[in-house]
Colleague: 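One structure follows; several queries about it will come next.
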Amino acid sequence: MKHAIRQLLAASASLLLWCSFSAQAGELAPLSLQEAKAQGAIIVDTRLSHFYQGWPMEGESQGGHVSGAVSLSADWKYDDEQWPQALRDKGLDARKPVALYGSERGLAEVARMLRMRGFHQLYELKGWQEAKRERLVRWQQLVYPQWLADLQAGKPVVAAPKGDWKLFEVDWGAPKAFLISHIPGADYIDTNRLEQEPLWNKVSDADLEKLLLENGIRHDTTVVLYGRNTMAAARAAHLMMYAGVKDVRLLDGGIEAWFIAHLRTKTGLPHQYEAAESFGAKIPVHPEYLTSTEQAKALLKQSDGELVSIRTWDEFIGETSGYSYIEPKGDIPGAKWGHGGVDSQSMSDFHNPDGTMKPSSEILAMWQQWQIAPQDQTAFYCGTGWRASEAFFYAWLMDWKRISVYDGGWYEWSSDPKNPTITGERKPSEG
């Protein structure tokens, strides 16, 4: 009896919540796209970020977002101190009209959040389904949980792998967390097999090929990677692309996105794929994706060359090295700051509140402040390669043509006392 009462109360609460959403959404006056443009309205996409990035919703013939729209998902949670920066990043101004689109629930929730921050000129954008769309160039390489779950279930999916595909979790060390909970069907890659001491640079090409073959990975295998921290998966993605794997994809938001989607997990040992006899191409297929210290020095002298530090501001100006095992503090003279996160284990400057990739326009805006441009010859680096690999992957998703990872990064650069270093505050024009 008590269980039945609890179920009834829960159902009533859900109904009241739905009615509240419906009532709030109903308060939004309709606005056509033409009217929104005429009024200079800011257009806001309230859907999940993967639809904004390019994946089509069920029944849609096209994915992506309305041209010029910013992303503010109803499912994101910002702290009070995060809101001012979030509004600035998205160009949201309470003095301007704002036209929202998405589901009824999404409209109601985002409208509620914006009203709490002084926005009152709120409208519902009509006809957005037929409007011209924009999307991330390589959106299909940034997969989302339900797509992966459907692929595993054998259901037809958009942008399906053309042939054999494999799933891996990537992390450092023994798979302790993996054994407790992982995505079903996943094998495990320890980053110790990808990089080596003392500087944690990539292993030899022969050892990299050995790892790939052991895991059944050929140049024409579709590889889907995820991590407890997306940086680890990005490190593997970059080196696989360097080797020549043609179709490498990341699960946007990592395993946390899988948890949030309430999809099934599994305990126990990794799945074991059958080994491959040959890679099918001579490694490396893309040597240009990797930059050495000597090449980094040459890049600093190149008129269109950019060495980009993907580190925290405190690391960049020399307040901290960022690592317990790296003693020198500072950065490379002439390098530009490409942002990072709150510490050496974070890429929060590049992430939405749920850990998914920010819209490319917001990442580009960060880089443009430091005159980091898509057409330049750009090498990303951090302390030992993880954060730089994630920045590289995002730039690649945006179709930047001349990009690489300076593998040695600050660890290798600072280990040689002959290399110049710099500390202190500096502006974008100063490098």
Side-chain angles (χ1 to χ4, degrees), residues 89 134 136-139 141 201-202 234-235 237-239 241-244 248 284-313 315-318 330-340 347 349-350 357-414 416 418-431:
D89 289 345
E134 294 177 342
L136 186 64
V137 177
R138 292 193 171 103
W139 55 271
Q141 306 306 127
N201 288 351
K202 70 171 269 304
R235 176 66 158 159
H238 168 252
L239 292 179
M241 292 165 65
Y242 159 86
V248 180
V285 174
H286 290 290
E288 72 276 12
Y289 285 168
L290 205 65
T291 289
S292 67
T293 294
E294 290 308 309
Q295 290 171 323
K297 291 177 180 178
L299 195 63
L300 288 169
K301 300 175 183 177
Q302 191 174 314
S303 60
D304 63 345
E306 308 292 359
L307 201 56
V308 179
S309 178
I310 306 297
R311 306 174 73 204
T312 66
W313 179 250
E315 287 174 274
F316 186 67
I317 65 173
D331 217 302
I332 301 173
K336 296 183 176 181
W337 187 48
H339 284 256
M347 282 287 279
D349 290 351
F350 293 80
M357 176 188 170
K358 278 186 176 180
S360 58
S361 59
E362 294 183 28
I363 295 174
L364 287 171
M366 289 194 310
W367 287 346
Q368 285 169 354
Q369 291 175 354
W370 284 78
Q371 291 94 51
I372 303 165
Q375 68 272 15
D376 293 340
Q377 184 79 46
T378 304
F380 300 101
Y381 71 95
C382 53
T384 61
W386 285 33
R387 288 175 286 178
S389 295
E390 189 168 339
F392 168 92
F393 195 80
Y394 291 157
W396 179 75
L397 292 177
M398 293 186 275
D399 201 29
W400 285 34
K401 306 290 188 185
R402 307 166 68 200
I403 53 174
S404 66
V405 170
Y406 167 32
D407 193 28
W410 176 244
Y411 198 5
E412 182 172 319
W413 184 279
S414 64
D416 184 348
K418 296 178 183 178
N419 290 331
T421 62
I422 187 172
T423 60
E425 299 270 346
R426 48 200 182 278
K427 298 177 182 178
S429 59
E430 298 170 343

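Please read all numbers here as calculations on a predicted model, not as lab measurements.
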Colleague: I'd like to know if Arg402 pairs up with Asp304 as an ion pair, taking the criterion as any Lys NZ or Arg NE/NH1/NH2 lying under 4.0 Å from an Asp or Glu carboxylate oxygen.
Modeller: yes
Colleague: If every non-hydrogen atom of Cys382 is compared with every non-hydrogen atom of Gly385, which pair is closest and at what distance?
Modeller: SG-N, 3.1 Å
Colleague: side-chain contact (heavy atoms from CB on, under 4.5 Å) between Met357 and Ile363: does it pass, once the steps are laid out?
Modeller: CA-CA 9 Å; Met357 176 188 170; Ile363 295 174; 3.9 Å; yes
Colleague: Mind checking whether Trp400 and Trp367 have ring centres under 6.0 Å apart?
Modeller: yes
Colleague: Looking at Glu315 and Arg387, does any basic side-chain N land under 4.0 Å from a carboxylate oxygen?
Modeller: yes
Colleague: Looking at Phe392, Phe380, Tyr242, which one forms a ring-ring contact (aromatic ring centres under 6.0 Å, His included) with Tyr289?
Modeller: Phe392
Colleague: Work out which heavy atom in Ala237 is nearest to a heavy atom in Val248; give both atom names and the distance.
Modeller: CB-CG1, 3.7 Å
Colleague: Could you walk me through whether Asp349 and Lys358 pass the salt bridge (charged side-chain N to carboxylate O under 4.0 Å, His left out) check?
Modeller: CA-CA 8 Å; Asp349 290 351; Lys358 278 186 176 180; 6.0 Å; no
Colleague: Apply side-chain hydrogen bond (donor to acceptor under 3.5 Å, both in side chains) to the pair Thr293 and Glu412, showing each step before the final yes or no.
Modeller: CA-CA 8 Å; Thr293 294; Glu412 182 172 319; 2.5 Å; yes
Colleague: Minimum heavy-atom separation for Ala379 and Thr291, please, with both atom names.
Modeller: CB-OG1, 4.0 Å
Colleague: If only atom types and distance count, is the side chain of Gln302 paired as donor or acceptor with the main-chain N or O of Leu299 below 3.5 Å?
Modeller: no
Colleague: Check whether any side-chain N or O of Asp416 sits under 3.5 Å from a backbone N or O of Lys418 as a donor-acceptor pair, and report yes or no.
Modeller: yes
Colleague: Nearest 0.5 Å, what's the CH2-CE distance between Trp396 and Met398?
Modeller: 12.5 Å
Colleague: Does the side chain of Tyr406 come within less than 4.5 Å of Ser309's, by heavy atoms?
Modeller: no
Colleague: Should Lys336 and Gln371 count as side-chain neighbours, where that means a heavy-atom distance under 4.5 Å?
Modeller: yes
Colleague: Using every non-hydrogen atom in the two residues, find where Pro420 and Pro333 come nearest and quote the distance to one decimal.
Modeller: O-CD, 3.2 Å
Colleague: Closest approach of Ala296 and Leu307, non-hydrogen atoms and distance?
Modeller: CB-CD1, 4.0 Å
Colleague: Provide the closest heavy-atom pair for Met347 versus Ala391 in the form atom of the first, atom of the second, distance.
Modeller: CE-N, 3.9 Å
Colleague: How long is the gap from NZ on Lys401 to CD on Glu288, to the nearest 0.5 Å?
Modeller: 12.0 Å
Colleague: Would you call Lys202 and Val405 a side-chain contact if the rule is heavy atoms closer than 4.5 Å?
Modeller: no
Colleague: Are Lys427 and Trp370 in a cation-pi setup, meaning NZ or CZ lies under 6.0 angstrom from the ring centre and within 45 degrees of the ring axis?
Modeller: no
Colleague: Mind checking whether Phe393 and His238 have side chains closer than 4.5 Å, heavy atoms only?
Modeller: no
Colleague: To the closest 0.5 Å, what do you measure between CE (Met366) and CZ (Phe350)?
Modeller: 4.0 Å
Colleague: Within the structure provided, determine whether His339 and Thr312 are in side-chain contact (heavy-atom separation under 4.5 Å).
Modeller: no
Colleague: Is there a side-chain contact between Leu136 and Ser360, using heavy atoms and a 4.5 Å cut-off?
Modeller: yes
Colleague: Looking at side-chain heavy atoms only, is the closest gap between Trp410 and Ile332 below 4.5 Å?
Modeller: yes
Colleague: Is the shortest heavy-atom distance from the side chain of Tyr381 to the side chain of Ile310 under 4.5 Å?
Modeller: no
Colleague: Check this for me: does any side-chain nitrogen of one of Asp407 and Arg235 sit under 4.0 Å from a carboxylate oxygen of the other?
Modeller: yes
Colleague: Less than 4.0 Å between a side-chain N and a carboxylate O, is that true for Lys297 and Glu294?
Modeller: yes
Colleague: Keeping Glu425 on the side-chain end and Ile317 on the backbone end, is there a donor-acceptor pair under 3.5 Å?
Modeller: no
